[in-house]
Amino acid sequence: MLNKSNTRTDTHDTEARITALLSEMTLEEKMGQLTQFSGFYDVTGPPPPGDREAQKHALLQRGLIGSMLNVVGYDDVRAFQTYAVENSRLGIPMMFAYDVIHGHKTMFPIPLAEAASWDLDLIEKGARVAATEAAAQGLNWTFAPMVDVTRDARWGRVMEGAGEDPYLGAVIAEARVKGFQGEDLGSPDTVLATVKHFAGYGFAEAGKEYNVAEVSQVTLFNTILQPFRDVLENANPRSFMNAFNTINGIPATGDVELQRGLLKGDWGFDGVVVSDWGSAIEMVSHGFVEDGREAARVAMTAGSDVDMESYVYLDHLNDLVETGDLDLELIDDAVRRVLRTKFELGLFDDPYRYLDRDRESETLMTQAHLQASEEIARKSIVLLKNHHGALPLQQGERVALIGALAADKDAPLGNWRAHAEAHSAMSVLEAFEEAQLNFEYSHGVHVQWGDAGFEYPVHINTDNWEGFDEAVEAARQADKVVLVLGETARQSGEGRSRVDLGFPGLQQQLLEAVHAANHNLVLVVMSGRPLVLSWADAHVPAIVQAWHLGHRAGRAITDVLTGKENPSGKLPMSFPRSVGQLPLYYNHMNTGRPGPKETVVWAGYSDVETTALYPFGHGLSYSHFVYSNLAVAYHEGQIEVQVAVQNVEGPPGEEVVQVYVHDRVASIARPVRELKAFKKLSLESGEYQALTFKLKAKDLGFYKADGTFAVEAGEFDIYVGGSSCAQLSARIRLSSEDVESLV
Ligand code: GLC
């Protein structure tokens, strides 16, 4: 039995204790540690084949299972933990996991919205709050951050990541992992972070959910893997989750090269790899293995330590070892990783350390947490267009506030809402009332009928026009219209791929009719992804991207509309002119015929401009920032980039100064530009600031198809500005000697 009077152990001591524990464990006990069951109320994936309920209950009651997901709260966690500690032979405590993606009880903006803030401190703070609340409810493992680079807004899970850029994705992932894991994993307000989905899920072909990822090795190494590699190096996440998709015909769960060769081998990851829900048994559907027994052998061989909701390890590891088809050492390595994280969490010191009724009642949805959510919500709003100063709203203007989403208290919570209460967000309507604005509200048309659970389809209104005429008349009578359109919470997220990225239902018709009644129109877009806003861009004076912003969405949006908050968000994903452009991303290749030009024989389309409607990094302010004095020089092993920025007009504001690099000629074609540094700057009215950025070898080099990293001599163009379309540039040539001495 465990020595109950343990004090926290150091690493050497921990490994010794793990070895001792392993030597006592039976194979059945080892298989239990490598099995993760979902709880009995939240469902985040399809049920496993066959009726497993009785077996599941029996194994849990015997305390044989290593971890669970979707079990939350003092009573339920304590019940299952008591089974593990008191009913099992060795009393090994369980871990409890949950998808705490952007808040636990207090909802923060969806991750894609947080990414638009470019504010790493606020992002880390949000994860810290989420971990504090989750841990107060007995959880010690979150399945976040999702770090999948995404270039295709048809995929519903773009809401869950940090968008299309691997560098921005990497630094945001680091901030989230640090927020979740804190300084001490053994503290009862920190949780294991899980970097997911390893790897390539964000490249699901055609944005079709769970689809194959057809990517080159160069894209794999330089784009997809960068956030995983960098976050492991800089923030030490203690868990990775693999992915549903195949790359090169191999499902991630069975990919030896990816998981055991690269992640655990080259990168030296010594934490836990958990499969995604059912991904082990799904290798049968992929046609990659014959049956569950082969799935178990292949998954374990490939380095998938924990099997989430497949039961294949429970069913087959024993037989595989007895027949010599699987080496027990692989199982022991997986169990060692699981036990190691349990030691790091302090669960062997005290299996009940995450259970405290007072902490549970005092920690959730505090004013400080709501304030933190509101603060980053403000910074995540992106002003896409603002012609003729349509925004901010003028004092006393008679405003028609229109749109079902303007009154919707649920949409801002987003799809991965963890333990938030449904319909508990502050709506725009409530915030307009709180701000005592001069307005009338009309709901326009219903967007969706009823609520939809995580796994059920939504019912979009496509034929009920009730409210339409009243809204149009209200628009006609007003000085200005604020129209809130977009997606409800369940129209993005897992299982929510869409081929039409216009406004769902009758909203486009409402937009056009309201515009016809009153051109003095501000459009607020609530969505979990970039939508196609081409018609709006051609007709509407001001457009605000308001994502799904969490519990204080309404006030954050209203403060931007009234000018109380000067918008500072910048797009983490390109917004397309047409869905036909997808996948669309700023860091594209130049091709041999960069277009468009006067004739048709150049890269592009004959029916739409090839550029984004709103590019990566774009976002306006009520201020006007001017860049000048760009100077680029090689200095002591780095490239120094100096630039000045001035707030030449308007109120105090924030600007995200972005630095892009283009390697003009290399041994493989390189993107036309890539984000390599940024700084979010506060500038008083008229204030001028000089900045210096330092670029290193890792910013100038790239991975070749064979996985080797190279920095090559030659010319580099450096662009600096407020979006990926920055024109201010300077060129520098690096000699071989310069390259050799880069740090
Ligand atoms: C889901 C998701 C994964 C999540 C897991 C557990 O299918 O793919 O991101 O963490 O199952 O809910």
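All ligand and atom numbering here is 1-based and tracks the order in the structure.
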Sub-3.5 Å donor-acceptor pair from the side chain of Lys409 to the main-chain atoms of Ser424, do we have one?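 Not a single qualifying donor-acceptor pair exists.
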Quick check: does any side chain N or O of Asn248 sit under 3.5 Å from a backbone N or O of Ile250, one acting as donor and the other as acceptor? no
Pairs of nitrogen or oxygen atoms closer than 3.5 Å, one from [X] and one from ligand 1: do any exist?
| X | answer |
| --- | --- |
| Tyr201 | no |
| Trp277 | no |
| Asp276 | yes |

If you count the atoms of ligand 1 from 1 in the order shown, which ones are under 4.0 Å from a heavy atom of [X]?
| X | answer |
| --- | --- |
| Phe244 | 7 (O), 8 (O) |
| His197 | 3 (C), 8 (O), 9 (O) |
| Leu69 | 6 (C), 12 (O) |
| Met241 | 3 (C), 10 (O) |
| Thr44 | 1 (C), 6 (C), 7 (O), 11 (O), 12 (O) |
| Lys196 | 3 (C), 4 (C), 9 (O), 10 (O) |

Are the aromatic rings of Phe40 and His57 close, with centres under 6.0 Å apart?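 Distance test on ring centres: under 6.0 Å, yes.
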In this structure, are over 12 heavy atoms from other groups packed under 6.0 Å from Gln55 atom CD? yes
I'd like to check Tyr311 versus Phe37 (side-chain heavy atoms, cut-off strictly below 4.5 Å). Are they in contact? yes
Of all heavy-atom pairs linking Trp547 and Ser380, the shortest is NE1-O, 2.9 Å
Tell me the closest heavy-atom pair linking Arg496 and Gly453, and the distance in Å. NH2-O, 3.1 Å
Return the closest protein heavy atom for atom 4 (C) of ligand 1 as residue, atom name and distance.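 Checking every protein heavy atom, the shortest distance to atom 4 (C) of ligand 1 gives Asp99 OD1, 3.2 Å.
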Pairwise distance CZ(Phe96) to OH(Tyr354) - rounded to 0.5 angstrom: 12.0 Å
Looking at ligand 1, is there an atom of it that comes within less than 4.0 Å of some heavy atom belonging to Arg157?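 Yes, Arg157 has a heavy atom closer than 4.0 Å to ligand 1.
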